[in-house]
Amino acid sequence: GAGVSQSPRYKVAKRGQDVALRCDPISGHVSLFWYQQALGQGPEFLTYFQNEAQLDKSGLPSDRFFAERPEGSVSTLKIQRTQQEDSAVYLCASSSAGLTQPQHFGDGTRLSIL
Amino acid sequence: KQEVTQIPAALSVPEGENLVLNCSFTDSAIYNLQWFRQDPGKGLTSLLLIQSSQREQTSGRLNASLDKSSGRSTLYIAASQPGDSATYLCAGIYNNNDMRFGAGTRLTVKP
């Protein structure tokens with residue numbers, strides 16, 4: 001597709017369940033970012049990939065959060081044993097060269113933990 | 001931790017008015033600064049990217065300035081339209097993967 005695609009758009013899970021969020025970046029974009037956006041706040045950095053390499057995961061809030069990009073294209077953000085504080089919008093962005101070029105964002109996955 | 005602050009949090013103006021949105025950052029060692037627009041339920045759309053060597057960027061009715069010494073950026077919107085209603089976010093870029101966002105200004109332009 002022409003833009004960054006994220007799925008699902010909405011996800012409701014019970015506390016303690018595992019969830020997986022998918023991001024399809026723009027074709028050819030080597031850089032991929034995950035962000036977490038709480039209601040009324042700006043996005044906060046979670047992790048960064050350059051091709052298949054996860055170069056920075058300093059923003060992941062706990063070891064329950066795991067991200068991968070095994071073939072350097074599609075990425076999955078997995079949250080294990082979800083907690084209510086994990087409820088947020090998870091945004092994915094891609095660019096052709098880190099932050100030296102503008103990022104293109106997907107519409108996000110709105111995660112609600114009951 | 002570098003912080004990015006946006007004032008005001010919300011702004012309502014009549015159609016046709018010129019307006020200024022403000023962004024301040026605590027660390028002047030900024031690499032680039034970027035302004036985004038976010039519509040409800042959507043991701044972010046990049047509006048303007050100002051590199052540290054630049055002082056401003058213009059695109060149509062939008063003009064963004066960057067003053068590193070004072071730690072400030074402004075987004076100027078001329079002749080506002082109802083379609084400009086959205087949340088505007090600024091983000092300081094500190095290296096190739098460190099981008100820190102403000103909480104945004106929610107703009108409403110009334111017809």
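Heavy-atom basis, side chains included; hydrogens, waters and symmetry copies ignored. Protein chains get the first letters and strands the later ones, always in sequence-line order, with residue 1 at the start of each.
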**Fill in**
Within residues 101-111 of chain B, the residues sitting under 4.5 Å from chain A by heavy atom, in sequence order, are B/Phe101, B/Gly102, B/Ala103
**Prompt:** What are the two closest non-hydrogen atoms of B/Leu89 and A/Gly42, and how far apart are they?
**Reply:** CD2-CA, 3.9 Å
**Prompt:** Side chain, backbone, both or neither: which part of B/Leu44 has a non-hydrogen atom closer than 4.5 Å to chain A?
**Reply:** both
**Prompt:** Between B/Leu75 and B/Val4, is there a shared hydrophobic cluster once you connect ILVMFWY residues whose side-chain heavy atoms come closer than 4.5 Å?
**Reply:** yes
**Prompt:** Between A/Pro102, A/Gly108, A/Gly40, which has the largest tally of heavy atom pairs under 4.5 Å with chain B?
**Reply:** A/Pro102
**CZ (B/Arg55) with more than 12 external heavy atoms under 6.0 Å** = no
**Atom CG of A/Leu114 with >12 non-hydrogen neighbours under 6.0 angstrom** = yes
**Asked** Cluster question for you: counting only ILVMFWY and a side-chain heavy-atom cut-off of under 4.5 Å, with indirect links fine, are A/Ile79 and A/Phe49 together?
**Response** yes
**Prompt:** How close do A/Leu99 and B/Asp98 get, heavy atom to heavy atom, and via which atoms?
**Reply:** CD1-N, 3.5 Å
**Prompt:** Minimum heavy-atom separation for B/Met99 to A/Tyr35, with atom names?
**Reply:** SD-OH, 3.8 Å
**Request:** Determine whether more than 12 heavy atoms belonging to other residues, nucleotides or ligands lie under 6.0 Å from atom CD of A/Glu71.
**Result:** no
**Message:** Using the rule that Ile, Leu, Val, Met, Phe, Trp and Tyr join whenever any side-chain heavy atoms are under 4.5 Å apart, tell me whether B/Ile77 and B/Leu11 fall into a single cluster.
**Reply:** yes
**Item:** Those residues of residues 34-43 of chain B, ordered by number, that approach chain A below 4.5 Å (heavy atom to heavy atom)
**Value:** B/Gln34, B/Phe36, B/Gln38, B/Gly41, B/Lys42, B/Gly43
**Request:** Give a yes or no on whether B/Ile30 and B/Ile50 share a hydrophobic cluster (residues Ile, Leu, Val, Met, Phe, Trp, Tyr; joining criterion: side-chain heavy atoms under 4.5 Å apart).
**Result:** yes
**Asked** With a 4.5 angstrom heavy-atom cut-off, which part of A/Gln103 approaches chain B: side chain, backbone, both or neither?
**Response** both
**Asked** So if you build clusters from Ile, Leu, Val, Met, Phe, Trp, Tyr with side-chain heavy-atom gaps below 4.5 Å, do B/Tyr31 and A/Phe45 land together?
**Response** yes
**Message:** How about CZ on A/Arg15, more than 12 heavy atoms from neighbouring residues, nucleotides or ligands closer than 6.0 Å, or not?
**Reply:** no
